[in-house]
Amino acid sequence: MAQSNIKVAVQKFGNFLSSMVMPNISAFIAWGLITALFIPTGFFPNESLAKMVDPMVTYLLPLLIAYTGGKLVHDQRGAVVGAIATMGVIVGTDIPMFLGAMIMGPLGGYVIKKFDKLIEGKVKAGFEMLVNNFSAGILGGILAILAFLAIGPAVKGLTGLLVDGVDWLVGTGLLPLTSIIIEPAKVLFLNNAINHGVLSPIGVEQVKDAGKSVLFLLEANPGPGIGVLLAYCIFGKGTAKRSAPGAAIIQFFGGIHEIYFPYILMKPMLFFAVIIGGVSGVFTLVLLGGGLFAPASPGSILAIAAVTPHTAGSYIANFAGVLVAGVVSFLLSALILKTGKQTEENIEDAARKMEEMKGKKSSVADVFASQPGEFPENVQKIVFACDAGMGSSAMGASLLRKKVNEAGLDISVTNTAISNLPSDAQIVVTQEELTPRAQNKLPQAFHVSVDNFLSSPEYDQLIERLKGDGKDNLQEIVEDAEEAVPGPEDNENTDNDLLLEENVFLNQSFVNKEEAIRFAGRALYNAGYVKESYIEAMIARDQLTSTFMGNDVAIPHGTEEAKKDVLKSGFTVIQVPNGVDFDGNNVRLIFGIAGKDGTHLEILSGIAVTCSEMDNIEKMVEAKSAKEIIDILNNKE
């Protein structure tokens with residue numbers, strides 16, 4: 001358990017580092033192109049245009065990194081204070097301050113975040129803007145002075161040591177051995193952290209002096225990965241062999257390296273193939289003097305070609321480094337696949353394992369997802385599934401059950417957690433990010449993915465298909481629905497206990513979704529519905545899959561494991577007239593949910609039906625009292 005926590009912590013830290021750099025890669029490329037084209041030794045030397053080179057690398061790039069880092073910590077205010085603080089390290093040294101920006105940006109965001117929490121609720125009305133502006137300015141200025149006097153010189157010394165270390169590795173011929181660390185780290189999802197968090201800042205410093213850096217190719221080289229995929233194309237078996245050609249195209253030309261990770265996880269001996277392939281590629285690059293003038297992101301052969309210095313020798317060196325790495329990796333992979341015990345490799349299981357290691361959905365996981373299967377005949381059972389089986393799935397099932405009933409179909413519609421999917425489910429409906437998990441749990445079922453639980457067109461499409469295959473006779477479906485909802489005589493709670501006026505909060509505003517979810521969780525805790533630990537479980541659940549439901553509604557709730565922390569079923573309703581961002585979606589109504597033993601499902605069904613109509617959403621957003629919102633939910637308007 002401790003080892004797993006360490007791995008997660010390292011991944012989170014690595015992701016945070018790379019998240020400061022990756023959104024700004026285009027700026028690095030722009031600077032690299034201007035440098036390669038217009039400096040005295042460039043392709044089109046131009047003294048006037050070359051004047052942009054130094055200001056861009058000295059000011060623009062570090063400030064962009066710092067701004068992004070501060071925003072990750074505390075949104076816009078964190079971004080501004082982080083950028084102010086970073087000016088101290090920029091002015092206090094004479095080298096590009098990328099590492100300094102990666103320190104001062106988040107530090108500035110952290111300081112202003114702590115200050116804002118300290119004064120929360122203590123500023124008198126009418127003085128908010130004054131306090132906000134002066135606090136950010138004063139704290140930013142103090143941090144800039146600190147950075148100028150102490151942090152800048154310290155980071156300059158550290159950068160010097162790192163550059164000297166790289167020069168020593170190159171001089172002693174040991175740089176290729178870095179692949180022993182880099183190639184396995186890529187499969188553990190530390191690739192962006194290594195590339196953009198460590199190698200890119202040092203590489204930019206080398207580019208400033210030498211015009212190019214081989215460090216940009218240590219992680220981005222697509223050779224080791226394409227070698228593995230080509231070996232699977234020829235010597236693999238089953239779905240792994242069939243999917244490898246498409247994966248090879250995505251990896252080599254699209255630059256998405258993580259697509260080959262599942263193939264290695266299926267046969268861990270292939271780690272040796274990519275390591276030795278990487279060592280061979282780096283050795284070739286060092287021998288021939290390869291390197292790039294800007295980061296290649298993503299690691300596509302096309303991106304590498306675009307940021308290769310415009311000389312024949314550089315193109316030959318870089319392409320040779322990719323080719324040698326690919327050939328060596330292919331030969332070793334082929335040997336491992338041919339001599340090892342061959343079984344029908346399950347690429348979907350390996351992809352799922354990869355996502356578990358990554359800790360979030362992979363952008364290429366759908367490449368390996370199984371097809372939904374044949375649409376079943378004589379459908380009797382539809383199951384709506386989510387992670388915990390008590391929030392989004394209950395609302396989605398309520399709406400779909402209503403549509404099934406209105407269509408006169410004799411079909412049971414229930415909801416459950418993915419881990420509890422019944423074997424006799426013929427159709428499984430899930431949020432699109434959870435579909436691969438549901439397919440792995442119940443591969444024989446027909447799977448439907450939705451992205452908007454409250455108004456998804458997939459519901460109507462499914463009903464049309466069911467009407468074509470289903471029975472013509474009208475039969476009440478309510479009995480089927482009630483199987484999942486205990487009757488009042490079985491409940492410890494009544495509807496009046498579930499949703500109380502004191503748990504309806506009007507005119508709230510939040511900086512981000514985490515703050516909103518914590519508010520909802522704290523309200524549930526204060527009302528005696530849950531233990532305090534349930535709050536963190538609500539954050540974890542939203543990180544797994546967004547709790548945005550569509551129609552400006554979010555329903556944050558805990559994970560399946562957190563059901564033990566629910567003391568009794570209950571709701572809290574939070575009105576956010578100006579909205580809060582949930583992963584790019586504007587949310588104006590938040591329903592915090594705590595569900596125990598199914599006692600909350602009946603009222604949740606009512607909420608789902610009410611919120612499926614945007615007119616009801618608008619009325620609740622404009623409501624002036626808690627009673628007014630509850631009446632709308634209870635259809636008493």
Side-chain angles (χ1 to χ4, degrees), residues 17-72 79-80 82-83 86-87 89-91 93-102 104-105 159 191-222 253-257 290-311 314-315 318:
L17 290 180
S18 62
S19 294
M20 284 189 275
V21 179
M22 289 192 69
N24 303 305
I25 286 296
S26 55
F28 278 82
I29 293 174
W31 167 76
L33 288 171
I34 291 172
T35 301
L37 292 173
F38 303 124
I39 62 174
T41 58
F43 205 63
F44 302 108
N46 186 302
E47 184 177 353
S48 297
L49 294 177
K51 291 178 181 178
M52 291 189 289
V53 172
D54 282 343
M56 287 180 75
V57 74
T58 303
Y59 298 102
L60 175 65
L61 298 181
L63 287 174
L64 282 174
I65 291 173
Y67 186 91
T68 305
K71 190 169 186 177
L72 288 172
V80 172
T86 301
M87 279 303 298
V89 292
I90 291 174
V91 177
T93 59
D94 56 0
I95 65 171
M97 265 290 117
F98 298 104
L99 293 180
M102 295 171 81
M104 295 310 301
T159 302
N191 51 328
N192 289 326
I194 291 173
N195 194 23
H196 300 306
V198 179
L199 298 177
S200 290
I202 305 172
V204 169
E205 180 66 16
Q206 288 189 324
V207 170
K208 188 180 178 185
D209 296 330
K212 63 182 178 182
S213 174
V214 71
L215 299 186
F216 293 138
L217 274 169
L218 297 189
E219 184 275 338
N221 188 343
F253 294 104
I256 309 300
H257 286 205
L292 306 176
F293 57 70
S297 182
S300 158
I301 190 65
L302 303 178
I304 290 172
V307 292
T308 292
H310 299 184
T311 63
S314 294
Y315 282 112
N318 290 346

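Quick note: numbers below take in every heavy atom, side chains included, and nothing from hydrogens, waters or symmetry partners.
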- Query: Would Trp31 and Leu61 count as a side-chain contact (heavy atoms from CB on, under 4.5 Å) if you check the C-alpha gap in whole Å, the side-chain angles of each, and the deciding distance to 0.1 Å?
  - Reply: CA-CA 9 Å; Trp31 167 76; Leu61 298 181; 4.2 Å; yes
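- Every residue two or more places apart in sequence or in another chain that forms a side-chain contact (heavy atoms from CB on, under 4.5 Å) with Ile301 is listed here: Phe252, Phe253, Phe319, Val322.
- Inter-residue side-chain proximity for Leu72 and Met20 is flagged as met; some heavy-atom pair is nearer than 4.5 Å.
- Looking at residues two or more places apart in sequence or on another chain, you find a side-chain contact (heavy atoms from CB on, under 4.5 Å) between Ile34 and Phe38, Met52, Val53, Met56.
- Looking at residues two or more places apart in sequence or on another chain, you find a side-chain contact (heavy atoms from CB on, under 4.5 Å) between Thr308 and Leu292, Ile304, Ser314, Tyr315, Asn318.
- Nearest heavy-atom pair, Ser300 versus Gly254, reported as atom, atom and distance to 0.1 Å: CB-C, 3.9 Å.
- The heavy-atom pair separating Pro62 from Thr86 by the smallest distance is O-CG2, 4.2 Å.
- The structure places CG of Leu218 at 9.0 Å from CG of Asn221, a figure rounded to the nearest 0.5 Å.
- Here the side chains of Ile65 and Thr68 are not in contact, with every heavy-atom distance at 4.5 Å or above.
- Phe293 and Ala306 get closest at one heavy-atom pair: CZ-O, 3.6 Å.
- Minimum interatomic distance between Ala296 and Ala220 (heavy atoms only, all atoms of both residues): O-CB, 3.8 Å.
- Minimum interatomic distance between Gly291 and Pro309 (heavy atoms only, all atoms of both residues): O-CD, 3.2 Å.
- Using modelled atom types, one side-chain atom of Asn46 and one backbone atom of Leu49 make a donor-acceptor pair closer than 3.5 Å.
- You'll find the side chain of Thr93 stays beyond 4.5 Å of the side chain of Val89, heavy atoms only.
- Nearest heavy atoms, Ala66 versus Gly82: CB-O, 3.8 Å.
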